[in-house]
Amino acid sequence: MNTAADTNIKMRDILRLYADRRMAKILLLGFISGFPWLLIGSMLALWLKEEGVSRTGIGLFGILFSVYAVNALWAPLVDKIRIPLLHRLFGKRRAWILLMQLVIACALFGMFLLPGAAEYRWWVALFAFMIALASATQDVAIDATRIEMLASVEAHKIGAGSAMATSGWWLGFGGGKVIALPLVEQLQNMGIANAWQAGYLAMIVIVVLSMIAVVVFLRPTEEKEEKEKKEEKEKEEIAETTTTATKDNEPEVIEIVTKPWRLYTEPLRDFITRYTLKPALLLLCFIIFFKIGEAFLGRMSVVFYKEIGFSKSDIALLSGGLGTITVCLFAILGSFFNARYGLLKGIILGGVAMAMTNLLFVLLAYYPEKWLFTIAVVADQFTTSVSTVAFVAFLSQLCDRRHTATHYAALASLGNLSRTVFAASSGVVVDSLQEYTGATADSGLADVWAIFFCLTVLMVLPSLFILRSVYPRIAPIMQGTTTKIL
């Protein structure tokens, strides 16, 4: 039986993990990963909304996020290709992150040059796609860096690392709202016609600061630098001896050089071998469907807030500022809960609670009061934190350290599939419900949003049943007692 004292000791043990300076680096990586979602998510949705683009059109812009669902296709290339000059100066991972940050900055400058969003929507889509593609590519390097920061023998720190990654992501996405949206609103109040474009230009400052932080604070340790130099030397030696390889190793070396598809087939084969076919397929189904309800809600949330009467400052303060603070605090609580009771209970409880808190948005549709908005945001971020920390830790544990970047990119891509491709139809769902009910902007709109949010509640349930059925088979792997299903 666990006593309160035991709980306090364990809580102190969990909090002590955050004293590791690597956790601050993981927080920074999370920020860099989350910030682009603000640029092509909330900011873009509100800009399009204010220029008269329909909910269906705004929702379809979510297709841009589909690159996050397929970045596993080029993850092996990010693992292998060296960026000229940047690789030599900053190392493999930082070189990719810095290059993609530069691409994002160029795309933001392109947004600044556009006269408008509705009339030039194809140009908006192009620059948004550049941001999404660069962001999805840097995520491969970011996730690999995060996982590799913690050694395989430090499984007890994975939950804390996941909490910091989650907090950092929300600092980039939600915290960015606190800066971007009030800035645009203030520019509009000053009578500046191209306020949104100026807002995008201002976001370049944050990108530049992020690049500086990567250079200054993400320096590899001396041990890691020595390891990378040793690996580079070994690769050069292998390349030099390929043509004179002995009969014992010649077939393997030649096969790697002449059959590049092995970069993809080997990680897949190892994943299936590790979990066996049926559990592997069930795990993939769980990953695909777990976040679908949250994705539908998230894609339409700022449109919903705007339509029920909240200003950009309200959205920034409550959804962005307060929401980000609660995520960061609750992410740490989530890491404690998952360490205390296990990933299975953390994911299932978080998933159920995450779905149930969507019902608060049903009430908000009928009673658009700030106090209820505040409660809905805090409750939603609490349950999202607990479930996301468990989900990230779960994916990290599923990875084979021999294929870190490829495995995590592939699994995260499946998770992003529901947040991108599927959620692109969220606007179509809302518009269809409005057409079916005959609601107008002045009457019945609350019913439309209420039905929509009820649908998001039901979307998470299938994934939880799938996880409950497969978890007993993979529990030993999650606990670190074995490396594959026996």
Side-chain angles (χ1 to χ4, degrees), residues 8-35 37 90-91 93-94 97 138-176 206 209-225 227 323-343 346 350 381-382 384-399 401 404-405 408 412 478 480:
N8 291 333
I9 292 174
K10 292 193 175 185
M11 186 62 171
R12 288 197 297 269
D13 292 338
I14 295 297
L15 293 176
R16 194 174 295 118
L17 298 177
Y18 292 94
D20 190 329
R21 62 182 180 180
R22 290 174 297 177
M23 297 300 168
K25 295 181 178 181
I26 293 174
L27 183 72
L28 172 62
L29 290 171
F31 177 90
I32 295 171
S33 178
F35 184 67
W37 285 71
F90 304 110
R93 303 298 188 202
R94 288 196 300 168
I97 294 173
Q138 76 174 7
D139 278 358
V140 175
I142 285 173
D143 290 327
T145 302
R146 173 180 58 81
I147 294 173
E148 290 168 358
M149 277 185 182
L150 302 176
S152 57
V153 296
E154 297 178 296
H156 62 291
K157 293 187 176 182
I158 289 179
S162 299
M164 296 306 287
T166 301
S167 298
W169 193 95
W170 275 96
L171 281 172
F173 174 66
I206 296 180
L209 291 176
S210 297
M211 295 174 70
I212 295 173
V214 168
V215 173
V216 175
F217 299 112
L218 286 185
R219 293 176 180 174
T221 62
E222 292 182 4
E223 294 80 3
K224 187 172 182 179
E225 287 180 334
K227 181 180 179 182
T324 299
I325 293 172
T326 54
V327 164
C328 295
L329 293 176
F330 292 144
I332 297 175
L333 181 61
S335 68
F336 166 71
F337 183 89
N338 292 314
R340 185 84 166 85
Y341 299 105
L343 288 177
Q381 302 300 13
F382 169 67
T384 298
S385 298
V386 174
S387 60
T388 300
V389 168
F391 189 61
V392 172
F394 183 76
L395 296 187
S396 300
Q397 280 290 81
L398 288 179
C399 296
R401 290 303 178 103
T404 306
Y408 193 89
M478 292 293 104

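Checked by atom type and distance alone, the side chain of Arg22 pairs as donor or acceptor with a backbone atom of Met149 at under 3.5 Å.
Scanning both residues, Leu218 and Arg94, for their nearest heavy atoms gives O-CD, 3.2 Å. In plain terms, the two heavy atoms of Arg146 and Ala165 that are nearest each other are CD-CB, 3.6 Å. Between Ile26 and Gly161 the shortest heavy-atom distance is CG2-O, 3.5 Å.
Using a 4.5 Å heavy-atom cutoff, the side chains of Phe31 and Ile206 are in contact.
Ring pair Phe173/Trp169 is tilted by interplanar angle, where 30° to 60° counts as tilted.
Residues forming a side-chain hydrogen bond (donor to acceptor under 3.5 Å, both in side chains) with Ser33 (at least two apart in sequence, or on another chain): Asp139. Remark: Ala213 engages Leu28, Phe217 in a side-chain contact (heavy atoms from CB on, under 4.5 Å) (not counting sequence neighbours).
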